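Quick notes on the structure that follows.
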Amino acid sequence: MENKDDYKKKAKEVEAQEKELQFDDFDSERALEIGLALIEEAKSRNNKICIDIEIAGRRLFHYSSDGNAVSNDIMIERKKRTAMHTGHASLWAHYMLKSFGLTIDEKWHLDPSQYAEVGGAFPIRLKNCPTTIGTITCSGFDHTIDHGIIVDVLRELYFE
């Protein structure tokens, strides 16, 4: 069983990923490339997936595997809201909430039907911009794997 310090450590690890995986620029062609790579990664793991990439309220990419539940599309929206509200990955929010022993409603007064306390939304950040400009979000795996495949794909495409 994990304790509050373990969750704080995991939150710091997510912060390090966010710092590592910042872009020089981001456009619809990059969103398409990332989205297609995420689809291929999900297929390689024999899993259905829902993917959404959005910047400044503009959806650049959206995909939902055949046979995917509508609940994955709903979860995408909840995860994105959490990431945009906190300016961090939704997995960071999950670990921070666990470290405090609080729910999203108790800590930030956010409606849990509209905001998710799970991983899967990763912030899009530009190196010369101090704020999150959008999100790359996945739903379909365990929430830690949703987060992990985004990190894996970004590293493979741009950061290795």
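This is a predicted model, so every value here is computed, not measured.
Membership of an apolar cluster is not assigned to M84, as no side-chain contact below 4.5 Å to another ILVMFWY residue is traced.
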Anything under 3.5 Å between a donor and an acceptor, one on a side chain of residues 87-98, the other on a protein residue two or more places apart or in another chain? List them.
unit_1	atom_1	unit_2	atom_2	d
H88	ND1	E18	OE1	2.6
S90	OG	V118	O	2.8
S90	OG	G120	N	3.1
S90	OG	A121	N	3.0
W92	NE1	E15	OE2	2.8
H94	ND1	E117	O	2.8

Under 3.5 Å, which donor-acceptor pairs link side chains of residues 34-43 to any protein atom two or more places apart or in another chain?
unit_1	atom_1	unit_2	atom_2	d
E41	OE2	R45	NE	2.7
E41	OE2	R45	NH2	2.9

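A heavy-atom distance below 4.5 Å is found between the side chains of K8 and D5. Taking 4.5 Å as the limit, some side-chain heavy atom of F141 sits within range of a side-chain heavy atom of I149. Contact annotation: the side chain of I136 approaches that of I124 to within less than 4.5 Å [non-hydrogen atoms, C-beta and beyond]. With contacts defined as side-chain heavy-atom distances shorter than 4.5 Å, the pair I53/T137 does not qualify.
Note on residues 16-65: pairs passing ring-ring contact (aromatic ring centres under 6.0 Å, His included), not counting sequence neighbours, are F23-F26, F23-Y158, F23-F159. Listed by first then second residue, pairs satisfying salt bridge (Lys or Arg N to Asp or Glu O under 4.0 Å) with a partner in residues 77-86 read D52-K80, E54-K80, R59-E77, E77-K80, K79-D146, not counting sequence neighbours.
Panel note: side chain S65, backbone I49; a donor-acceptor pair is recorded below 3.5 Å. Judged purely by atom type and a 3.5 angstrom limit, S28 has no side-chain atom pairing as donor or acceptor with the backbone of L60.
With values rounded to the nearest 0.5 angstrom, N68 atom CG is found 7.0 Å from D73 atom CG. Taking SG from C138 and CG from N47, the interatomic distance works out to 10.5 Å, rounded to the nearest 0.5 Å. Here the NZ atom belonging to K9 is positioned 7.5 Å from the CG atom belonging to D6, to the nearest 0.5 angstrom.
Placement of V14 and I104 within a single hydrophobic cluster is found when ILVMFWY residues are connected by side-chain heavy-atom separations under 4.5 Å, directly or transitively. At a threshold of 4.5 Å between side-chain heavy atoms, the hydrophobic network of Ile, Leu, Val, Met, Phe, Trp and Tyr places I133 and L32 in one connected group. Clustering ILVMFWY residues whenever any of their side-chain heavy atoms sit less than 4.5 angstrom apart, transitively, puts M75 in a cluster other than the one holding I145. Under a hydrophobic clustering in which Ile, Leu, Val, Met, Phe, Trp and Tyr are joined whenever their side-chain heavy atoms come within less than 4.5 Å, directly or via other members, L102 and Y7 fall into the same cluster.
In the model, D105 has no side-chain atom that pairs as donor or acceptor with a side-chain atom of T103 under 3.5 Å.
When the shell of 6.0 Å around CD of E156 is examined, it contains 12 or fewer heavy atoms from other residues, nucleotides or ligands. More than 12 heavy atoms of other residues, nucleotides or ligands shown are found within 6.0 angstrom of CG on D27.
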What verdict does the side chain to side chain contact (heavy atoms under 4.5 Å, CB included) test give for Q22 and L126, after you've listed the backbone C-alpha separation in whole Å, the side-chain angles of each residue and the deciding distance to 0.1 Å? CA-CA 5 Å; Q22 293 185 27; L126 302 179; over 6 Å; no

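What you find for A83 and T135 is that their closest heavy atoms are CB-CG2, 3.8 Å. Taking both residues in full, the closest heavy atoms of N72 and C50 are given as CB-CB, 3.9 Å, listed atom of the first, atom of the second, then distance.
Scored by the side-chain hydrogen bond (donor to acceptor under 3.5 Å, both in side chains) test, D24 finds K127 as partners (sequence neighbours excluded).
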